[in-house]
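Only one structure is covered here, and it is reproduced in the block below.
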Amino acid sequence: MTIKKTCSITIPFTPLIIFFFFFISSAAAAAAAASSDDIRFIDKTCEDLRKRSVDSTSCKKWLLPLAGELVSKNNRELFKAALQLTISTTAITAGNITEYISRHGSAAKAPAGGALADCMDNLKDAKAWMASSAGEMKRLTGGNQSALCISDIQTWLSAAVTDESTCTDGLKEAGKKVDATVNTTLQSMVAPAVEVTHITLALFNHFANITNP
């Protein structure tokens, strides 16, 4: 895969279980720090995203913790925050799979080993698509290039969703031939990244529709 990268994003590795503990725990604190307008804005946005096949409960789970960081009713800022969260989640997912494999050597043996290798490549590509999308957002300021920028971001985020879904599909297929517990654990590691990437793509499509109705 070759893409033109317009920015550089470095994300430290944090164990997945710790990350999600603090992420979920931060929801209450974020809600307290956020204005009621921010919270209502996210509630309404998540309801709007139901038209784009996004579960509103999942949407609120991911987006409400971001409320305290938002400019009230700002779709651009909400998307940018969601995109950074998606990049972090995907990076953490890849790191945790690597750590899990190092502790459970049998997980890397054939036929699961091939699916895992493909999965890691998929996650790497997904992060690259997201990083390019983040860079392109800096150029999305209106004018003649807006339509091209929007098209690029939609294409790249769609590719990220496809890559992560391919990872999950590969693990499911390998799961027919390997230890079910190990495979279920690996699938559960990838699931949050798939979920939040899907929400972020839908959120951008919603933002683009508002920006260029």
**Item:** Heavy-atom check, side chain of T200 versus side chain of W62, under 4.5 Å
**Value:** no
**Message:** Side chains of T197 and T86 only: does a donor on one sit below 3.5 Å from an acceptor on the other?
**Reply:** no
**Asked** Sub-3.5 Å donor-acceptor pair from the side chain of S151 to the main-chain atoms of L148, do we have one?
**Response** no
**Item:** Shortest non-hydrogen separation from S165 to V194 and the atoms involved
**Value:** OG-CG1, 4.3 Å
**Request:** Establish, from distance only, whether the side-chain atoms of E164 and T90 form a donor-acceptor pair under 3.5 Å.
**Result:** yes
**Message:** I'd like to check the salt bridge (charged side-chain N to carboxylate O under 4.0 Å, His left out) partners of D48; sequence neighbours left out, ordered by chain and number.
**Reply:** K44
**Request:** Please tell me if the side chains of F207 and L78 come closer than 4.5 Å, counting only heavy atoms from C-beta onward.
**Result:** no
**Message:** Would you say that N75 contacts F41 through its side chain, given a criterion of any heavy-atom pair below 4.5 Å between the two side chains?
**Reply:** yes
**Prompt:** Any salt bridge between E47 and K60, counting N to O under 4.0 Å?
**Reply:** yes
**Asked** Are any of the side-chain nitrogens in D43 or R40 under 4.0 Å away from the carboxylate oxygens of its partner?
**Response** no
**Request:** Flag the pair W129 / T162 as yes when at least one side-chain heavy-atom distance between them is below 4.5 Å, and no otherwise.
**Result:** no
**Request:** Indicate the atoms forming the closest heavy-atom contact of L49 with A202, along with that distance.
**Result:** CD2-O, 3.5 Å
**Item:** H198 side chain vs S53 backbone, donor-acceptor pair below 3.5 Å
**Value:** yes
**Asked** Can a donor-acceptor pair be found between the side chains of N205 and Q154 at a distance below 3.5 Å?
**Response** yes
